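The model shown is predicted, which means the values in this text are computed figures rather than measured ones.
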Amino acid sequence: MSQSLHFFTPSSLTFSKQSLPKPSCNRRFPVTTLSPKLISIKASTSADPNSSTTPPQVLISDNGTGAGEILSSTPQDYDTPPSQSFLSDSSSIDVDAVTEVELKENGFRSTRRTKLVCTIGPATCGFEELQALAVGGMNVARINMCHGTREWHKRVIERVRRLNEEKGFAVAIMMDTEGSEIHMGDLGGASSAKAEDGEIWTFSVRAFDLPRPERTINVNYDGFAEDVQVGDELLVDGGMVRFEVIEKIGPDVKCRCTDPGLMLPRANLTFWRDGSLVRERNAMLPTISSKVGASDLFSVIEIGIFFFQVQKLPFTTSESLPFIKDWLDIDFGIAEGVDFIAISFVKSAEVINHLKSYIAARSRDSDIAVIAKIESIDSLRNLEEIIQASDGAMVARGDLGAQIPLEQVPSAQQKIVQICRQLNKPVIVASQLLESMIEYPTPTRAEVADVSEAVRQRADALMLSGESAMGQYPDKALAVLRSVSVRIEKWWREEKRYEAMELPAVGSSFSDSISEEICSSAAKMANNLGVDALFVYTKTGHMASLLSRCRPDCPIFAFTSTKSVRRRLNLQWGLIPFRVSFSDDMESNLNKTFSLLKARGMIKSGDLVIAVSDMLQSIQVMNVP
């Protein structure tokens with residue numbers, strides 16, 4: 001039997017925000033009943049297996065074995081506009097290949113809830129390497145615009161999309177902008193450089209012919225030699241390597257290594273004086289929040305005529321190059337249809353709003369999500385307004401740790417994760433999770449504890465940077481993230497550690513408030529009843545994100561009809577995104593998905609599920625027929 005409760009807000013009836021009664025503490029909402037038969041307890045029937053009707057055909061994914069086949073019409077190509085990328089065959093379903101295997105072999109409770117982001121670099125840019133990461137659990141592929149050319153990144157994007165099309169994955173693509181930081185050059189083509197204790201290195205703004213002098217590093221900021229002082233402490237990549245400034249000779253700065261370590265190409269640089277961060281340089285660098293007239297911005301950003309119009313910008317020196325490059329990279333990301341754009345060194349909500357307006361103007365059919373990277377003192381000062389304006393946040397602990405005392409980073413991370421969840425925004429914990437695995441096949445125990453803490457805080461995703469981009473053991477690093485996540489999540493469920501975090505209302509309308517209450521109630525019911533899975537049917541992904549915010553014990557099967565929404569949902573905690581066509585008839589949708597998933601062996605008769613929908617606001621509890 002199916003027990004269902006429906007909430008109806010007819011489209012012809014409008015609510016005035018001022019006229020609505022203020023919800024009481026138990027959040028009782030008025031319900032408009034259109035017919036006595038619409039709120040009922042009813043039995044749901046699945047498709048009769050003995051029926052003469054042709055059973056639905058399904059899209060079979062092979063998990064990379066080469067044995068898969070499509071029994072229905074082929075899904076549309078990835079370059080179809082998001083508004084048109086619906087399933088061409090109403091009887092097929094797209095399922096993540098790895099999750100399918102996990103469900104078949106280990107059941108609902110075995111699925112990993114924490115999502116994994118991998119930075120793609122020289123070690124993982126090939127198709128086979130990308131496939132290995134996808135099989136290993138990669139949900140999002142990150143391309144870092146600090147490294148490589150746009151042509152190189154374009155090839156990576158094409159390979160990820162080919163992987164999704166051919167192998168049945170739903171790997172999303174995140175483009176990360178460079179930002180306005182001071183950073184090193186590319187190390188003359190070397191993948192890394194080792195600085196030993198006591199060595200003297202030269203940091204210079206001069207351009208050198210190859211091969212460059214030994215122990216010499218280029219810096220991207222022309223005023224570097226003028227700004228630093230003898231006695232300053234220079235930190236590479238947030239303190240992975242430390243130097244003391246001992247001499248200045250024209251454009252060259254001589255430094256002695258005081259903390260040895262490995263330096264990576266284009267690592268960021270910060271310098272400290274008398275125990276305090278010298279912030280003037282980073283504070284003055286132009287970023288995408290710089291004041292640029294709309295007409296100038298829209299003309300300058302046009303690829304092909306950009307360099308003929310660059311003089312219209314208020315910044316025309318070499319110091320404006322990070323600003324200019326970020327906008328060109330953003331235009332590249334929009335043209336390529338990436339799923340997420342991560343913005344570096346966000347100082348205020350204005351940055352996010354500006355970028356969202358620009359994306360909307362450049363690609364009206366695009367639904368690219370904007371991720372704010374929290375990595376500076378300015379970001380922390382305006383934290384809540386930045387997160388509220390964005391579509392998600394990244395805790396960039398490396399750069400953040402270079403601007404605040406190290407002992408404050410853990411509390412800052414926890415605060416960011418908490419605010420993101422309260423505001424219903426996905427959050428990624430990044431930087432140096434398994435740094436030692438760039439060189440070694442096993443992590444330190446401290447790194448494992450760090451990963452465990454991020455999972456325990458219920459962050460949506462964990463991110464590998466150098467470990468997967470240029471490390472020697474990218475697959476092993478990903479396996480560590482996956483195994484630690486699954487183990488800590490299982491421990492959390494076994495201990496019944498339901499945190500008492502208050503989730504404030506985030507809806508801006510009466511209908512949104514109903515959706516929040518439905519999802520909150522459904523999650524509590526799922527925990528109390530011990531259901532096997534939550535089903536959510538969503539066109540935009542909003543209802544699925546509200547369920548994810550509640551962090552229920554069971555996995556959340558999120559059904560949507562568009563590829564882009566499915567990929568975006570792959571970043572959020574606990575969501576298993578499917579692509580399937582559906583209607584406004586919940587009973588029809590349930591019968592269809594039951595039939596399709598049973599055909600795949602992903603569910604079986606008797607499994608207990610709770611279903612919700614953002615098309616017809618309702619909760620249904622039922623056993624799979």
Side-chain angles (χ1 to χ4, degrees), residues 78-85 117 140-145 150 153-154 157 160-161 172-180 286-306 309 313 322-374 379 385-394 423-426 428 508 539-542 545 560 562-572:
Y78 54 77
D79 56 355
T80 301
S83 61
Q84 302 175 17
S85 60
V117 182
V140 179
R142 171 181 175 253
I143 55 174
N144 187 355
M145 302 308 289
R150 295 189 188 96
H153 291 300
K154 182 179 177 67
I157 292 172
V160 172
R161 286 173 170 160
I173 299 171
M174 176 182 295
M175 190 196 78
D176 199 328
T177 62
E178 180 176 329
S180 58
T287 68
I288 71 166
S289 62
S290 300
K291 301 298 183 182
V292 182
S295 60
D296 286 341
L297 178 61
F298 280 82
S299 59
V300 166
I301 211 66
E302 293 290 338
I303 305 295
I305 62 172
F306 167 75
Q309 297 184 337
L313 280 170
F323 164 79
I324 295 170
K325 182 180 183 301
D326 275 357
W327 278 113
L328 288 171
D329 290 341
I330 288 166
D331 225 39
F332 166 79
I334 295 172
E336 292 299 317
V338 300
D339 300 291
F340 303 95
I341 294 180
I343 301 300
S344 298
F345 293 95
V346 177
K347 298 178 181 180
S348 68
E350 179 189 10
V351 179
I352 304 298
N353 294 330
H354 188 179
L355 177 56
K356 284 187 172 183
S357 298
Y358 181 73
I359 292 174
R362 294 288 286 176
S363 180
R364 298 189 184 280
D365 292 329
S366 175
D367 53 359
I368 297 173
V370 177
I371 304 296
K373 294 178 67 177
I374 309 301
S379 298
E385 70 171 44
I386 289 173
I387 294 175
Q388 182 67 65
S390 71
D391 299 307
M394 180 189 296
L423 297 179
N424 194 31
K425 310 287 184 175
I428 307 164
S508 58
K539 291 183 177 179
T540 64
H542 178 63
S545 70
T560 186
T562 58
K563 289 185 177 182
S564 58
V565 173
R566 181 186 174 215
R567 290 193 303 267
R568 277 208 326 276
L569 293 178
N570 219 4
L571 180 64
Q572 295 190 250

Specify the closest pair of heavy atoms between D391 and P426, including all atoms of both residues, with the distance to one decimal. O-CD, 3.2 Å
Quick one: do I386 and V351 satisfy side-chain contact (heavy atoms from CB on, under 4.5 Å)? Show the steps, please. CA-CA 8 Å; I386 289 173; V351 179; over 6 Å; no
Check: M174 and I428 side chains under 4.5 Å, non-hydrogen atoms: yes
Going from OG on S357 to CZ on R362, what distance comes out if it is rounded to the nearest 0.5 angstrom? 14.0 Å
K356 NZ: over 12 foreign heavy atoms closer than 6.0 Å: yes
Separation between OG of S390 and CD1 of I352, rounded to the nearest 0.5 Å: 5.5 Å
Using the test salt bridge (Lys or Arg N to Asp or Glu O under 4.0 Å), find all partners of D339 that sit at least two apart in sequence or belong to another chain. R567
Distance from I341 atom CD1 to I173 atom CD1, nearest 0.5 Å? 12.0 Å
Can you say whether the rings of W327 and H354 are parallel (under 30°), tilted (30 to 60°) or perpendicular (over 60°)? tilted
Check whether any side-chain N or O of S363 sits under 3.5 Å from a backbone N or O of I359 as a donor-acceptor pair, and report yes or no. no
Just wondering, do M175 and I157 contact through their side chains at under 4.5 Å, heavy atoms? no
Could you grab the distance from atom CD1 of I371 to atom CD1 of I343, nearest 0.5 Å is fine? 10.0 Å
dist S545:OG -> R568:CZ (nearest 0.5 Å) comes out at 9.5 Å
Between K325 and M145, is there a donor-acceptor pair closer than 3.5 Å when you use the side chain of the first and the backbone of the second? yes
Considering only heavy atoms from C-beta outward, does the side chain of I334 approach that of Y358 to under 4.5 Å? yes
Using modelled atom types and a 3.5 Å cut-off, is there a donor and acceptor pairing between side-chain atoms of K425 and backbone atoms of A393? no
Non-hydrogen side-chain atoms of D176 and K373 separated by less than 4.5 Å: yes
For residues R161 and E336, determine if any side-chain heavy atom of one lies less than 4.5 Å from a side-chain heavy atom of the other. yes
Please examine the side chains of L569 and R566, heavy atoms only from C-beta on, and report whether any two atoms are closer than 4.5 Å. no
Nearest 0.5 Å, please: how far is CG in N144 from OG in S344? 7.5 Å
Pair T177, D329 - check side chain to side chain donor-acceptor pair (under 3.5 Å), show working. CA-CA 7 Å; T177 62; D329 290 341; over 6 Å; no
